[in-house]
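Data first, discussion second: the structure below is written as structure tokens.
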Protein chains: 2
Amino acid sequence: MTPPLPEEYRHPPFDEDCAPRQLLRLLSGKWTTMILHSLHLLGGHARPTQLMRAIPGLSKKMMTQTLKELEQRQWVYRDIEQVMPPIVEYRLTELGQLFVEPIEMLYQWGIAHSEALNRAYSSEKP
Amino acid sequence: MTPPLPEEYRHPPFDEDCAPRQLLRLLSGKWTTMILHSLHLLGGHARPTQLMRAIPGLSKKMMTQTLKELEQRQWVYRDIEQVMPPIVEYRLTELGQLFVEPIEMLYQWGIAHSEALNRAYSSEKP
DNA sequence: CTGTATCCATCTGGATACTG
DNA sequence: CAGTATCCAGATGGATACAG
């Protein structure tokens with residue numbers, strides 16, 4: 001009769017590259033989730049100026065940089081009409097829409113627990 | 001007959017301090033979610049050495065620092081027995097258990113979509 | 001309107017050595 | 001075993017000015 005494994009060994013340790021860690025990395029940018037969430041709310045597509053207006057505090061630089069990353073991941077598609085001035089629109093891809101799922105879960109939880117969050121927030125500030 | 005508001009104005013903008021943003025800030029540390037998730041898996045309490053073994057890559061410094069933050073937020077309670085060497089145990093508080101919820105949601109989503117995450121990961125590395 | 005290029009302050013977190 | 005103190009490199013991101 002072997003004794004049961006210590007509790008801590010019943011679950012595999014967190015591999016450096018395990019799925020949850022990857023997810024956290026992918027969502028870790030300061031503006032990543034907000035941009036994706038906004039695109040989602042705006043029907044899956046938006047123009048840069050629209051995003052700037054929708055997300056207070058977002059700078060042009062960080063928006064461009066974040067969107068470029070998302071484009072490389074193929075989470076968004078950049079639709080450009082080469083006129084002057086150019087007309088650009090960013091669209092969530094199918095892959096992007098997939099990763100919007102966990103983001104929306106987070107946002108909804110946050111809204112549902114805004115009271116606890118506000119308490120946490122006020123005691124953090126000082 | 002007033003025309004409908006443009007899509008982007010149907011939803012309130014993201015206030016700097018809106019609940020979802022606060023949640024993201026609270027979970028943003030590199031090790032925060034992993035430590036909370038581990039505490040949860042380990043039954044809500046663990047000793048420092050246990051956590052170090054459970055989370056590859058975590059340094060003593062970052063563990064201590066993160067746990068101290070969590071203690072200040074009252075997400076964990078530090079139980080210390082003043083002997084030599086000291087016996088310390090960290091326990092999730094009720095508040096901490098509340099915030100474990102969204103973390104577990106994220107982790108579960110990550111595990112369920114590990115295939116997509118691995119694809120995303122391999123194309124990021126280069 | 002959209003995107004680029006610099007410059008620069010700050011934050012993050014890892015390595016190491018040391019104390020009780 | 002648990003925690004602290006330094007030091008330091010690299011990432012992060014904001015401000016500003018410029019270009020197509």
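Just so it is clear, the model here is predicted, and its values are computed rather than measured. What's counted below: heavy atoms across the whole structure, side chains too, no hydrogens, waters or symmetry copies. Throughout, protein chains are lettered first and strands after them, A, B, ... in sequence-line order, and every chain is numbered starting at 1.
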Between dT4(D), dG14(D), dC1(D), spot the one nearest the side chain of Thr64(B), thanks.
-> dT4(D)
Checking dG3(D), dG3(C), dT4(C) against the side chain of Tyr90(A) (C-beta onward), the nearest is dG3(C)
In whole Å, I'd like the distance from the [atom1] atom of [X] to the [atom2] atom of [N].
| X | N | atom1 | atom2 | value |
| --- | --- | --- | --- | --- |
| Gln65(A) | dT12(D) | CD | P | 8 Å |
| Gln82(B) | dC1(D) | CD | C1' | 12 Å |
| Met62(A) | dA15(D) | CE | C1' | 13 Å |
| Glu69(A) | dA11(D) | CD | C1' | 12 Å |
| Leu51(A) | dG3(C) | CG | P | 10 Å |
| Glu81(B) | dA2(D) | CD | P | 12 Å |
| Met63(A) | dC1(C) | CE | C1' | 10 Å |
| Glu89(B) | dG3(D) | CD | P | 12 Å |

Taking all atoms of both residues into account, what is the closest heavy-atom pair of Asn118(A) and Gln22(B), and its distance?
-> OD1-NE2, 3.0 Å
Decide yes or no, distance alone: a donor-acceptor N/O pair under 3.5 angstrom between the base of dG3(C) and the side-chain of Lys60(A).
-> yes
Establish whether Tyr107(A) and Leu27(A) are linked, either directly or via other cluster members, by ILVMFWY side-chain heavy-atom contacts under 4.5 Å.
-> yes
By nearest-nucleotide position on DNA chain D, the 5'-leaning member of Leu58(A) and Leu67(B) is Leu67(B)
Please tell me which of Lys30(A) and Met84(A) maps to the more 5' nucleotide of DNA chain D, matching each residue to the nucleotide holding its nearest heavy atom.
-> Lys30(A)
Mind checking Pro48(A) for me? I need base, sugar-phosphate or nothing, with any heavy atom below 4.0 Å counting as a touch.
-> sugar-phosphate
Quick one: does Thr32(B)'s side chain have a donor or acceptor within less than 3.5 Å of a partner on Ser28(B)'s backbone?
-> no
May I ask you to verify if any side-chain N or O of Arg47(A) is less than 4.0 angstrom from the OP1 or OP2 atom of dC1(C)?
-> no
Considering heavy-atom distances to DNA chain C, does Arg78(A) or Lys61(A) have its closest nucleotide positioned more toward the 5' end?
-> Arg78(A)
Glu89(A) vs Arg91(A), salt bridge (Lys or Arg N to Asp or Glu O under 4.0 Å): CA-CA, chis, key distance, verdict = CA-CA 6 Å; Glu89(A) 188 157 56; Arg91(A) 303 179 170 280; 2.8 Å; yes
Establish, yes or no, whether a centroid distance under 6.0 Å links the rings of Trp109(B) and Phe99(A).
-> yes
